Amino acid sequence: MKHLKMKDIMTTGAFAALYFICVGLGTIVSIFFDHSGNMLYAPAFAALLGGTVYFLLIAKLQKFGPVTLLGLIMGGFFFLSGHFFAAMFPSLIFGFLADIIASLGNYKSKWLNQVSYLVFAFVNSGPILLMWLLKDAYIDSLLARGKDMAYINRVMYELTFAHVSWFVGTVLVGALLGGFFARYLLRKHFIKSGFLS
């Protein structure tokens, strides 16, 4: 197994910055798409916009670690931005699982890479998942951050099979579209330009 070098870590950091921009843009789009404030659609739009960054990262480095590190960085962002501390764990888990899946094809299998991205797309789902799994603690964390009950009642999204199915479905669709678009760009532009050499 190839080990990460300092150059690889720096490259991952640069891609993480680009991915973070995609997540930010996805969050902004989700606010315009749904005015409730619960950010239910943010992971889906982040998956749609961040696919190119993800596929470029694994195509550029083709070794275990960068995807996990990207998940770790997103988890750290959730923790440092004042989210409930457990919101970072889905980022770590899904990032690590995505790295494992892509590594099974040595980061060269288009189908394993796509499945990997479908899994990775859930690194931004921590706040939503914890709203369902740890509802009381999640509400307490919002109160501790100065939010009032009117805000909390507006952003809470009840745990039902229909809601979970809809959330998972939107993220998977966003990741599928983002992945297809990313592979198109890699094939048409980045490979020919020598960027991935």
Side-chain angles (χ1 to χ4, degrees), residues 1-30 39 42-81 83 87-127 171-197:
M1 180 179 290
K2 300 177 183 177
H3 297 289
L4 289 182
K5 300 176 181 177
M6 182 56 65
K7 179 182 177 182
D8 300 326
I9 295 173
M10 293 175 65
T11 299
T12 302
F15 276 94
L18 293 174
Y19 182 75
F20 184 79
I21 292 171
C22 293
V23 172
L25 291 173
T27 301
I28 292 170
V29 172
S30 74
M39 299 302 160
F45 284 113
L48 177 64
L49 299 176
T52 301
V53 175
Y54 183 85
F55 280 84
L56 278 172
L57 174 64
I58 61 177
K60 183 76 173 174
L61 296 181
Q62 295 186 0
K63 59 180 67 174
F64 188 87
V67 173
T68 300
L69 183 56
L70 186 56
L72 176 65
I73 291 170
M74 290 309 302
F77 164 74
F78 285 129
F79 178 73
L80 295 174
S81 62
H83 284 82
M88 66 181 179
F89 293 123
S91 299
L92 304 178
I93 294 168
F94 288 117
F96 180 68
L97 291 176
D99 216 346
I100 290 175
I101 293 168
S103 72
L104 295 176
N106 295 316
Y107 302 91
K108 296 177 181 178
S109 167
K110 69 176 183 178
W111 298 114
L112 284 174
N113 287 349
Q114 180 63 65
V115 172
S116 169
Y117 188 56
L118 291 176
V119 172
F120 184 83
F122 289 92
V123 298
N124 300 304
S125 64
V171 174
L172 292 178
V173 168
L176 277 172
L177 295 175
F180 289 147
F181 182 66
R183 291 206 308 273
Y184 170 80
L185 287 180
L186 262 67
R187 186 172 63 252
K188 292 293 184 180
H189 300 288
F190 291 102
I191 293 175
K192 292 181 179 179
S193 71
F195 176 80
L196 298 176
S197 59

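Please read these numbers as outputs of a predicted model, since none were measured by experiment.
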Spacing of [atom1] belonging to [X] relative to [atom2] belonging to [Y], to within rounding of 0.5 Å:
{"X": "Leu104", "Y": "Phe64", "atom1": "CG", "atom2": "CZ", "answer": "10.0 Å"}
{"X": "Thr11", "Y": "Leu4", "atom1": "OG1", "atom2": "CG", "answer": "10.0 Å"}
{"X": "Leu49", "Y": "Phe181", "atom1": "CG", "atom2": "CZ", "answer": "9.5 Å"}
{"X": "Leu18", "Y": "Thr52", "atom1": "CG", "atom2": "OG1", "answer": "10.5 Å"}
{"X": "Leu48", "Y": "Ser30", "atom1": "CG", "atom2": "OG", "answer": "12.0 Å"}
{"X": "Leu57", "Y": "Gln62", "atom1": "CG", "atom2": "CD", "answer": "10.5 Å"}

Pair Leu72-Thr68, side chain to side chain contact (heavy atoms under 4.5 Å, CB included): steps then yes or no: CA-CA 6 Å; Leu72 176 65; Thr68 300; 5.6 Å; no
Can you sort out the partners of Tyr117 under ring pair (Phe, Tyr, Trp, His ring centres under 6.0 Å), two or more places apart, ordered by chain and number?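 Result, ring pair (Phe, Tyr, Trp, His ring centres under 6.0 Å) vs Tyr117: Tyr54, Phe55.
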Side chains of [X] and [Y] in contact at under 4.5 Å (non-hydrogen atoms):
{"X": "Pro90", "Y": "Phe78", "answer": "no"}
{"X": "Gln114", "Y": "Lys110", "answer": "no"}
{"X": "Phe122", "Y": "Val171", "answer": "yes"}
{"X": "Pro66", "Y": "Ile58", "answer": "no"}

Would a line drawn from the ring center of Phe77 to the ring center of Tyr19 be shorter than 6.0 Å? no
Least distance between heavy atoms, [X] atom then [Y] atom:
{"X": "Leu112", "Y": "Ile101", "result": "O-CG2, 3.5 Å"}
{"X": "Ala175", "Y": "Leu118", "result": "CB-CD2, 3.6 Å"}
{"X": "Ala59", "Y": "Leu186", "result": "CB-CD2, 4.0 Å"}
{"X": "Val67", "Y": "Ala98", "result": "CG1-CB, 3.9 Å"}
{"X": "Ser91", "Y": "Met74", "result": "OG-C, 4.0 Å"}
{"X": "Pro43", "Y": "Ser125", "result": "CG-CA, 4.3 Å"}

With Val119, the side-chain contact (heavy atoms from CB on, under 4.5 Å) member among Ile93, Leu97, Asp99, Ile100: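 Considering Ile93, Leu97, Asp99, Ile100, a side-chain contact (heavy atoms from CB on, under 4.5 Å) with Val119 is found only for Leu97.
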Per the salt bridge (Lys or Arg N to Asp or Glu O under 4.0 Å) rule, what does the pair list look like for residues 8-17, sequence neighbours excluded? Asp8-Lys63
Taking atom CZ of Phe180 as the centre, does the number of heavy atoms from other residues, nucleotides or ligands within less than 6.0 Å exceed 12?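 Count over threshold, so yes.
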Applying side chain to side chain contact (heavy atoms under 4.5 Å, CB included) to Phe15 and Thr12, what does each step give before you reach the verdict? CA-CA 5 Å; Phe15 276 94; Thr12 302; 5.7 Å; no
